[in-house]
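All values below come from the heavy atoms of this structure, side chains included, with hydrogens, waters and symmetry mates left out.
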Amino acid sequence: MTDKNEFDVIIIGGSYAGLSAAMALGRSLRNVLIIDAGNPCNKQTPFSHNFITQDGKPPAVISDIAKDQVLKYPNVQFLKGTAKSAIKNNIGIKVLMDSGKAFHGRKLIMATGITDILPEIDGFAECWGITAIHCPYCHGYEVRQAKTGILANGDSAYETAKLISNWTNDLTIFTNGQSKLTIGQVSELKQKGILIIEKEISSIIHHKGHIDYLVFNDNSIEKIEALYARVPFKQHSNILQELGCEMNEQGFVKVDQFQKTSIPDIYACGDNTTFLRSVAQAVYTGSVAGASANLEMIKEDWI
């Protein structure tokens with residue numbers, strides 16, 4: 001293309017999903033721009049797991065290797081910055097930066113991830129991704145058989161307890177207030193030796209993100225080593241909603257098997273599309289999005 005602001009595909013989000021999409025497109029001889037603000041959701045997590053060949057490496061190391069490999073393709077560019085908005089027109093998508101710059105792409109891939117909404121408990125944010133964790137497949141092995149808590153209530157607490165019981169039999173549910181568990185759920189949990197504490201948590205005492213104990217509003221304490229939490233989230237970027245892309249009931253972007261959104265020419269991949277938050281899942285969906293966007297352009301140009 002003659003205009004340096006014109007690209008076949010613009011990818012917003014330069015972590016695992018975005019880089020994976022860029023590699024598929026770079027190898028397909030497409031001109032690609034990756035835009036990334038440098039604020040990944042797992043920036044505090046010390047080690048990444050359950051991704052073959054990279055198990056146990058820091059997340060930033062994995063993404064740095066990926067970025068280095070992707071940018072070896074001369075038709076892929078990386079821009080550090082924040083995409084503010086996007087406008088779809090009859091020839092593609094115009095992306096506007098907070099710097100005032102604008103870029104145009106035939107296709108847009110949104111790999112922007114999500115933002116966790118953390119509970120207002122002193123110390124929780126500092127432990128998030130370290131010993132306050134969301135996924136047993138990512139972190140469960142490292143805290144296997146540890147004294148473990150679950151910060152959840154109602155059906156979420158019940159289902160999480162069943163899941164985490166595979167990794168440890170020393171489990172306590174902290175409902176952080178009045179329990180919403182049913183009588184039947186409470187009976188079943190007690191039969192499994194899972195405790196339920198309804199006190200409100202005021203703070204988490206920790207050492208560099210490693211939990212020592214929980215402090216409750218009545219100043220009592222409970223020693224634990226790990227705390228699973230199901231926290232709410234929001235889309236990290238509002239661009240998808242502004243473009244009119246459909247969301248599902250959980251707040252994820254609706255995509256089909258090819259990572260296409262409900263709006264033509266716009267794809268989404270990674271954590272913004274699924275509750276299966278892992279490096280492996282992000283890499284897979286990014287690769288699918290990149291290949292799908294390329295195939296669609298081939299079909300358009302063939303006519």
Side-chain angles (χ1 to χ4, degrees), residues 41 45 49-50 114-206 209-235 247-252 254 271-278 281:
C41 68
T45 303
H49 294 283
N50 208 29
I114 59 175
T115 298
D116 294 308
I117 302 172
L118 304 183
E120 295 181 359
I121 298 172
D122 288 345
F124 186 95
E126 291 82 357
C127 297
W128 186 234
I130 302 173
T131 53
I133 51 184
H134 78 286
C135 173
Y137 297 101
C138 298
H139 308 289
Y141 186 83
E142 283 63 46
V143 293
R144 62 194 182 280
Q145 302 309 331
K147 187 172 179 58
T148 301
I150 294 170
L151 180 59
N153 207 343
D155 292 340
S156 176
Y158 172 72
E159 295 298 335
T160 303
K162 285 202 295 184
L163 176 64
I164 305 306
S165 67
N166 181 74
W167 281 266
T168 180
N169 56 10
D170 193 343
L171 269 178
T172 301
I173 293 174
F174 300 97
T175 59
N176 201 29
Q178 185 174 358
S179 172
K180 298 177 183 178
L181 291 156
T182 66
I183 295 174
Q185 288 171 339
V186 170
S187 176
E188 191 175 321
L189 290 166
K190 287 183 176 179
Q191 287 177 6
K192 297 292 184 180
I194 298 172
L195 302 177
I196 302 167
I197 294 179
E198 299 183 54
K199 299 176 184 179
E200 291 188 15
I201 303 168
S202 62
S203 63
I204 298 176
I205 305 302
H206 65 95
H210 294 272
I211 299 172
D212 291 321
Y213 53 88
L214 307 182
V215 181
F216 302 100
N217 281 357
D218 62 2
N219 291 321
S220 62
I221 65 172
E222 183 76 18
K223 184 172 179 58
I224 61 170
E225 298 169 76
L227 181 67
Y228 287 90
R230 295 286 181 92
V231 302
F233 70 90
K234 62 180 180 180
Q235 288 287 330
M247 303 286 162
N248 64 23
E249 293 179 356
Q250 291 77 39
F252 296 107
K254 275 189 177 181
D271 289 354
N272 60 10
T273 65
T274 177
F275 67 93
L276 296 172
R277 296 174 63 180
S278 72
Q281 181 72 12

_For a side-chain contact (heavy atoms from CB on, under 4.5 Å) check, start with the C-alpha distance between S165 and L171, then their side-chain angles and the critical distance, and finish with the verdict._
CA-CA 7 Å; S165 67; L171 269 178; 4.1 Å; yes

*Is V143 close to T168 at the side-chain level, that is, under 4.5 Å between some pair of heavy atoms?*
no

*asked:* Tell me whether T131 contacts the main-chain N or O of G209 through its side chain, where contact means a donor paired with an acceptor under 3.5 Å.
replied: yes

*Check C138 against R277 and note the closest heavy-atom contact, atom names and distance.*
SG-O, 3.7 Å

*If you take all heavy atoms of L181 and G154, which pair is closest and at what distance?*
CD2-O, 3.2 Å

_Worked verdict on L227 versus F124 for side-chain contact (heavy atoms from CB on, under 4.5 Å)_ = CA-CA 10 Å; L227 181 67; F124 186 95; 4.2 Å; yes

*K223 NZ to I205 CD1 distance, which is reported to the nearest 0.5 Å*: 11.5 Å

_Minimum-distance pair of heavy atoms, taken over all atoms of L189 and A161_ = CD2-CB, 3.8 Å

*Count the heavy atoms of every other residue, nucleotide or ligand shown that sit under 6.0 Å from CD of E120, and state whether that count exceeds 12.*
no

*Considering residues, nucleotides and ligands other than I183, do more than 12 of their heavy atoms fall under 6.0 Å from its CD1?*
no

*If the plane angle is over 60° it's perpendicular, under 30° parallel, otherwise tilted; pick one for W128 and H134.*
tilted

*Give a yes or no on whether the backbone of G251 and the side-chain of Q235 come within a donor-acceptor separation of less than 3.5 Å.*
yes

*State, with a plain yes or no, whether a side-chain heavy atom of Q281 is found less than 4.5 Å away from one of T274.*
yes

_Atom CZ of F216: over 12 foreign heavy atoms under 6.0 Å_ = yes

_Distance in Å, I224 CD1 paired with I204 CD1, rounded so as to fall on 0.5 Å steps_ = 7.0 Å

*Over all heavy atoms of both residues, which pair between I114 and D271 is shortest? Give the atoms and the distance, please.*
CG2-O, 3.6 Å

_Spacing of I201 atom CD1 and F174 atom CZ [to the nearest 0.5 Å]_ = 6.5 Å

*Residues Q145, N169; criterion side-chain contact (heavy atoms from CB on, under 4.5 Å); working and verdict*: CA-CA 7 Å; Q145 302 309 331; N169 56 10; 3.5 Å; yes

*Does a donor on one side chain sit under 3.5 Å from an acceptor on the other, for D218 and S220?*
yes

*Quick one: NE2 on H210 to CD1 on I130, what's the gap to the nearest 0.5 Å?*
6.0 Å

_How long is the straight-line distance from CG of N153 back to CD1 of I196, given to the nearest 0.5 Å?_
9.5 Å

_Any non-hydrogen side-chain atom of E225 less than 4.5 Å from a side-chain atom of I211?_
no

*Evaluate the criterion side-chain contact (heavy atoms from CB on, under 4.5 Å) for residue pair R230 and I150; output intermediate values, then yes/no.*
CA-CA 8 Å; R230 295 286 181 92; I150 294 170; over 6 Å; no

*Do the non-hydrogen side-chain atoms of S278 and N50 ever get within less than 4.5 Å of each other?*
no

*Work out which heavy atom in V215 is nearest to a heavy atom in Y213; give both atom names and the distance.*
CG2-CE1, 3.7 Å

*side chain to side chain donor-acceptor pair (under 3.5 Å) with E188: which residues, sequence neighbours excluded?*
Y158

*With a 4.5 Å heavy-atom cut-off, do L163 and P136 have their side chains touching?*
yes

*CG of N217: more than 12 outside heavy atoms within 6.0 angstrom?*
yes

*Drop me the distance from C135's SG to L276's CG, to the nearest 0.5 angstrom.*
8.5 Å

*How far apart are the closest heavy atoms of E198 and T175, and which atoms are they?*
CA-OG1, 3.2 Å

*Around Q178, counting heavy atoms of other residues, nucleotides and ligands shown, do more than 12 lie under 6.0 Å from its CD?*
no

